[in-house]
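Just below is one structure, and these are the notes that go with it.
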Number of protein chains: 4
Amino acid sequence: MRKAKTPHDPEKLQAILDTALRLFNKQGFDATPVPMIADQAKVGTGTIYRYFKNKEELVNSLFQRCKQRMQDAIFAGAEAHQNFEARFRHYCTGTLHFALEHPAEFAFLELHNHEPYLNAASRKIEDSLHGGLHRFLEEGRHAGELRNLPPTLVIALVLGAITGVFKDRHVSFKKAQVAAIVDACWVMVRAGA
Amino acid sequence: MRKAKTPHDPEKLQAILDTALRLFNKQGFDATPVPMIADQAKVGTGTIYRYFKNKEELVNSLFQRCKQRMQDAIFAGAEAHQNFEARFRHYCTGTLHFALEHPAEFAFLELHNHEPYLNAASRKIEDSLHGGLHRFLEEGRHAGELRNLPPTLVIALVLGAITGVFKDRHVSFKKAQVAAIVDACWVMVRAGA
Amino acid sequence: MRKAKTPHDPEKLQAILDTALRLFNKQGFDATPVPMIADQAKVGTGTIYRYFKNKEELVNSLFQRCKQRMQDAIFAGAEAHQNFEARFRHYCTGTLHFALEHPAEFAFLELHNHEPYLNAASRKIEDSLHGGLHRFLEEGRHAGELRNLPPTLVIALVLGAITGVFKDRHVSFKKAQVAAIVDACWVMVRAGA
Amino acid sequence: MRKAKTPHDPEKLQAILDTALRLFNKQGFDATPVPMIADQAKVGTGTIYRYFKNKEELVNSLFQRCKQRMQDAIFAGAEAHQNFEARFRHYCTGTLHFALEHPAEFAFLELHNHEPYLNAASRKIEDSLHGGLHRFLEEGRHAGELRNLPPTLVIALVLGAITGVFKDRHVSFKKAQVAAIVDACWVMVRAGA
DNA sequence: GATGAATGAGAATTCATTCAT
DNA sequence: TATGAATGAATTCTCATTCAT
């Protein structure tokens with residue numbers, strides 16, 4: 001009388017996800033054979049297929065977990081009563097801190113974003129982040145806080161800028177620079193320049 | 001006294017590169033078999049191996065060509081006598097125009113940037129772009145035109161912002177917005193905000 | 001002082017055999033995973049291996065049970081004092097009735113007959129049926145009741161004909177036709193046509 | 001400019017089909033790995049997949065070729081002006097001769113008939129044989145030549161009987177017995193016993 | 001030089017069987 | 001004793017690359 005179709009030894013699951021994240025980052029998705037993940041996660045090859053229907057479901061599950069954690073980190077601790085600028089800075093800072101504290105997760109999200117093997121569910125979770133930011137910026141725009149640009153464009157500019165900082169091979173990024181970057185982002189989008 | 005080691009039917013070469021670009025963008029590098037490229041480029045499979053040692057060399061060659069064309073487009077028409085801001089705007093505008101006019105090339109460069117199959121030569125060409133921008137920004141910084149940030153960071157922010165605009169699924173980007181985006185980039189980095 | 005080496009919950013055993021018969025008929029032997037049998041029989045996978053050494057022993061055991069039941073059905077109620085023709089008709093009728101009443105068992109025996117995974121024991125039980133019929137037909141032949149053909153050939157013809165009726169996808173066979181078929185079989189083999 | 005999607009080195013194709021037939025007969029379909037077929041056919045594994053989309057298409061193609069050859073053999077040389085009995089005997093004789101001359105093909109058709117991996121096309125070709133016989137027997141029935149049984153039943157009886165002769169492990173069948181078997185089949189189905 | 005059929009190494013996935021609980 | 005999660009050997013199939021034509 002099986003209850004759970006998906007078995008759950010949380011340690012094994014974690015070992016698989018951690019190993020997959022590391023290897024996908026290092027070698028890419030296609031260049032990483034499933035048995036190699038199994039080996040390094042210290043589980044049998046077949047075990048991976050008890051936790052994930054196939055390799056694609058593994059990478060999507062990984063993507064969604066990381067994305068969700070990042071979203072949670074970004075929005076955590078935001079105070080609704082704060083003024084727009086404060087909240088904007090809070091979100092930017094949260095994103096930068098997440099990237100600093102979870103570089104592998106952040107890199108994974110960036111490198112595998114828009115890959116053809118990501119499925120609808122993965123794209124949906126991304127849309128949810130976008131939706132939240134969109135509403136936030138729409139609010140700021142109506143309040144006259146923002147430069148007169150479509151919110152989607154603003155999101156793309158800011159996220160792009162922040163992402164760029166981490167993706168660029170030449171930048172060695174440090175915590176001390178977070179404030180300066182957040183500042184740059186704010187002046188980029190605020191009204192009345 | 002020709003060497004004639006490598007064949008040179010420029011039309012065939014172009015057909016191969018065009019087809020590869022299209023298929024890599026649509027399906028990804030690993031999901032695109034060499035025979036499929038050959039088919040759609042209307043050449044024999046073996047022919048591709050006369051122009052490129054292997055699949056990796058093909059993708060790298062493609063990457064380098066695209067990157068080079070983008071660099072040329074960015075720096076083309078820049079006048080040394082213009083002031084810093086004008087040149088900054090010129091470069092940003094050039095990048096955005098290139099992306100608008102060559103969306104496939106631009107997408108390819110973004111999607112395949114940092115992939116493990118890119119080789120040293122591909123990374124080197126990227127470095128050269130970076131070097132040029134670095135010198136330019138260093139100059140602006142000394143002249144007190146720039147916010148007090150390391151030039152590498154500025155490059156990452158600006159390129160990231162511009163790239164973000166094109167990578168974001170939600171943005172439908174139009175030529176009319178170029179000026180606004182360039183403006184946002186300039187205020188982000190200029191001194192004395 | 002029980003041995004208790006092999007477990008004996010007859011209900012579980014029956015559930016396993018019934019489920020295996022059903023699934024082997026529907027999907028074939030190789031296409032039926034042992035865990036699927038366990039699932040549908042509502043027992044643990046490992047339990048099957050307490051009743052049968054391996055998958056092959058399971059299918060052979062099933063085969064032998066079915067074959068034995070069919071033999072018993074065929075020979076049941078035959079009266080030694082009846083004349084040859086009556087007994088011949090009795091056996092044919094018995095076979096047809098068994099097939100009508102136990103279509104799954106009969107189909108299983110036909111579909112899996114001669115499969116490479118059947119072992120010596122399974123072939124032996126078939127030989128015993130053949131031996132019985134052989135003796136019977138030899139007797140009829142000596143009594144001048146039969147067409148001048150080797151008994152093995154007669155057995156093959158009659159069993160083949162009866163089997164053919166059930167295997168053919170186009171025939172929808174009914175009880176009312178039993179007598180006619182038995183008749184056809186009898187004229188096929190009787191002497192003095 | 002490829003003409004044929006399916007390549008055709010007829011010798012290779014034949015080697016693959018011959019080897020597959022032999023191994024499927026000896027070991028069964030599922031127990032025969034594709035590389036084993038390739039090995040013994042002296043071709044590369046990949047080559048098989050140039051001639052057949054997958055293993056299932058191979059076995060179906062094989063089935064259809066064999067079935068077609070058998071049908072052709074059965075109906076070859078039948079004279080429309082002959083009387084019903086003569087044609088009936090002709091078809092039975094043709095079937096028996098085909099089985100004697102092509103035992104491997106005949107065994108393959110019998111052993112793999114009704115297997116779950118046979119597709120619609122394979123079943124259709126079988127139906128066409130059945131249809132031809134059906135029309136022939138319907139004619140004989142109207143002419144009062146046949147025992148009062150549905151033609152489908154007659155087909156099943158006769159084909160079953162003939163098949164039984166070859167499938168039975170105990171029968172060593174010889175050409176000299178063909179006439180006697182055909183005779184038995186005829187008396188089984190003719191009118192007015 | 002150009003071709004594309006052939007190849008076989010390597011990848012994803014399945015499933016019979018085991019064994020710790 | 002019964003279980004079913006875990007395993008890894010074995011299988012199907014793909015595709016980068018070669019080479020005879």
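Computed from a predicted structure; not experimentally measured. No hydrogens, no waters, no symmetry mates; every other heavy atom, side chains included, goes into these values. Just so it is clear: chains get the letters A, B, ... in the order the sequence lines come, proteins before strands, and each one is counted from 1.
- For E/dT17, the OP1/OP2 oxygens have no side-chain nitrogen or oxygen of C/Lys55 closer than 4.0 Å.
- With B/Tyr49 as the aromatic partner, B/Lys55 does not meet the cation-pi criteria of under 6.0 angstrom to the ring centre and within 45 degrees of the ring axis.
- Residues C/Val43 and B/Asn54 each lie close to DNA chain F; by heavy-atom proximity, the contact nearer the 5' end of the strand is made by C/Val43.
- Remark: E/dG8 base-pairs with F/dC15. Criterion, Watson-Crick or G-U wobble with two distances under 3.5 Å.
- Phosphate proximity of E/dT17 to C/Tyr49: present, with a side-chain N or O under 4.0 Å from OP1 or OP2.
- Pair check for F/dT21 finds E/dA2; Watson-Crick or G-U wobble, both atom distances under 3.5 Å.
- The aromatic ring centroids of A/His112 and A/Phe108 lie less than 6.0 Å from each other.
- Between A/Ala31 and C/Phe29, the residue whose closest nucleotide on DNA chain E is further toward the 5' end is A/Ala31.
- From B/Asn113, atom CG reaches atom CD of B/Glu126 across 4.5 Å, with rounding to the nearest 0.5 Å.
- Toward the 5' end of DNA chain E, the nearer of the two residues A/Pro35 and D/Gly44, judged by each one's closest nucleotide, is D/Gly44.
- In the set F/dT17, E/dT17, F/dT3, F/dT3 carries the atom at the smallest distance from any side-chain atom of C/Arg50.
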**Request:** Begin with the C-alpha distance, continue with both residues' side-chain angles, and end with the deciding distance and a verdict on side chain to side chain donor-acceptor pair (under 3.5 Å) for D/Gln68 and D/Asp72.
**Result:** CA-CA 6 Å; D/Gln68 192 60 56; D/Asp72 294 348; 3.2 Å; yes
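- Residue-to-nucleotide proximity on DNA chain F shows that, of B/Gly46 and D/Thr47, the 5′-proximal contact is made by D/Thr47.
- Distance A/Ile48 CD1 to E/dC15 P: 18 Å, rounded to the nearest Å.
- Rounded to a whole Å, the CE atom of C/Met36 is 16 Å from the C1' atom of F/dG4.
- Taking 4.0 angstrom as the limit, A/Thr45 places none of its side-chain polar atoms (N or O) nearer than this to OP1 or OP2 of F/dG8.
- Here the side chain of C/Pro33 is nearest to one of E/dA16, F/dT11, F/dT7, namely E/dA16.
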